Colleague: 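What follows is a structure written as structure tokens; I'll ask about it next.
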2 protein chains.
Amino acid sequence: MDQLSQTFSALADPTRRAILAKLASGAATVGEIAEPFDMSLPAVSRHLKVLTEAGLIERSTEAQWRRCALRGEGFRAAADWMEFYRRFWEQQFDRLDAFLKSTVPTPAKGKRRARRKP
Amino acid sequence: MDQLSQTFSALADPTRRAILAKLASGAATVGEIAEPFDMSLPAVSRHLKVLTEAGLIERSTEAQWRRCALRGEGFRAAADWMEFYRRFWEQQFDRLDAFLKSTVPTPAKGKRRARRKP
DNA sequence: TCCATATTTAACAACTTAGTTAAATACAGA
DNA sequence: TCTGTATTTAACTAAGTTGTTAAATATGGA
């Protein structure tokens, strides 16, 4: 599977996103990560495997614990991909903005399209 | 399924990302969208359904054609979610940057390692 | 009305995913 | 070496995804 698909696929699960959110405030062991979830340890272990293979986390061994930490670089490609589409939602916002402005008693009429500044 | 999962799940397929890329340069009918793919029309139709349900595209009817267009707003939540993690990859870059600076006392001509684009 | 074009729905197969429990493995310390 | 704690792997099931072909539906025009 291509890298982008693997990343988005890994992010498409609420449990995995919750794991990432936890790791955003610091590294943790598998047991610590699993604790808040109403799910067996093997299930969490597999979510961690998916995140690792997607490059979103990295793991190190400390005695009998496996410490997991966020791997920022793993987000970059997906974030860059998304960034390309930013203009579309900003443009949409501008359209709404323009619409609201045109609703206000202002004589400016016509089909012009506002562009947001970068 | 929650909205974020639905969005990321929709993006986790190269065919669907290719469809979005095409729509980024303008709206198109189902037939036009399907044309470049080595895949049956019903298969493309289903990808479009997934994208529609994820809110990433919107459709309108014109005679017997269904016109599809990018729906920027649909990207926003996922992009915002990603944005939260930006500091992690930027921080990682900064760490590398700092490491390289500390490793090379005098940034002279003989560069030992290429720097990634800023 | 009937036909051609555009698209979706139905029915199906192959494959993947996400969870379960039970067993296996890894390591630290008595 | 034996034991307890931490974690992964195996085997299995249920459900979901992606593709196929055939049939159904929608629309405009002769």
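Chain letters run A, B, ... following the sequence lines, proteins first and then strands; every chain starts at 1. It should be emphasised that the depicted structure is a prediction, and the values quoted were computed from it without experimental measurement.
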Colleague: Is any side-chain heavy atom of Arg59(B) less than 4.5 Å from a side-chain heavy atom of Val30(B)?
Modeller: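 In contact.
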Colleague: Counting only side-chain heavy atoms from C-beta out, which of dT20(D), dG19(C), dT7(D) sits nearest to Met39(B)?
Modeller: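 Of all the options, the side chain of Met39(B) is nearest to dT20(D).
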Colleague: Nearest whole Å is fine: how far is dT21(C) C1' from Leu41(A) CG?
Modeller: 13 Å
Colleague: Taking atom P of dT16(C) as reference, at what distance in whole Å does atom CE of Met1(A) sit?
Modeller: 10 Å
Colleague: Would you say His47(A) reaches dT17(C)'s phosphate, i.e. side-chain N/O to OP1/OP2 under 4.0 Å?
Modeller: no
Colleague: Name the residue closer to the 5' end of DNA chain C, choosing between Trp65(B) and Thr61(A) according to the nucleotide with the nearest heavy atom.
Modeller: Trp65(B)
Colleague: OP1, OP2 of dT8(D) versus side-chain N and O of Ser45(A): anything below 4.0 Å?
Modeller: yes
Colleague: To the nearest angstrom, how far is Gln6(A) atom CD from dT17(C) atom C1'?
Modeller: 14 Å
Colleague: Any donor and acceptor pair, going by atom type alone, linking the side chain of Arg16(B) with main-chain N or O of Ala10(B) inside 3.5 Å?
Modeller: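 Between the backbone of Ala10(B) and the side chain of Arg16(B) there is a qualifying donor-acceptor contact (under 3.5 Å).
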Colleague: Measure NZ/Lys49(A) against P/dA10(D) and give the value in whole Å, please.
Modeller: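 So the NZ-P distance, Lys49(A) to dA10(D), works out to 8 Å.
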Colleague: Quick one, Trp81(B) and Arg17(A) - any side-chain contact, counting heavy atoms below 4.5 Å?
Modeller: yes
Colleague: For Arg66(A) and dA26(C), what is the distance between atoms CZ and C1' respectively, to the nearest whole Å?
Modeller: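 After rounding, the reported distance stands at 6 Å.
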Colleague: Rounded to whole Å, how long is the line connecting atom CD of Gln64(B) with atom C1' of dA24(D)?
Modeller: 16 Å
Colleague: Side chain of Pro42(A) only, please: which of dG28(D), dT18(D), dA10(D) is the nearest?
Modeller: dA10(D)
Colleague: I want to check one thing: is the phosphate of dA18(C), taken as OP1 and OP2, less than 4.0 Å away from some side-chain N or O of Arg16(A)?
Modeller: yes
Colleague: Can you see if the side chain of Ser40(A) gets near the phosphate of dT20(C) - specifically, an N or O under 4.0 Å from OP1 or OP2?
Modeller: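 Checking Ser40(A) against dT20(C): at least one side-chain N or O falls below 4.0 Å of OP1 or OP2.
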Colleague: Between the main-chain N or O of Gly55(B) and the side-chain N or O of Arg71(B), is there a donor-acceptor pair closer than 3.5 Å?
Modeller: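 Answer holds: yes.
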Colleague: Tell me what Arg59(A) touches on the nucleic acid: a base, only sugar-phosphate, or nothing, going by heavy atoms under 4.0 Å.
Modeller: sugar-phosphate
Colleague: Glu53(A) has an atom CD; how far is it from atom P of dT8(D), in whole Å?
Modeller: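 My rounded result for the distance is 12 Å.
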Colleague: Specify the separation, in whole Å, of atom CD of Glu62(B) and atom C1' of dT5(C).
Modeller: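 Value for this atom pair: 15 Å.
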Colleague: Do the ring planes of Phe75(A) and Tyr85(B) sit parallel (below 30°), tilted (30 to 60°) or perpendicular (above 60°)?
Modeller: parallel
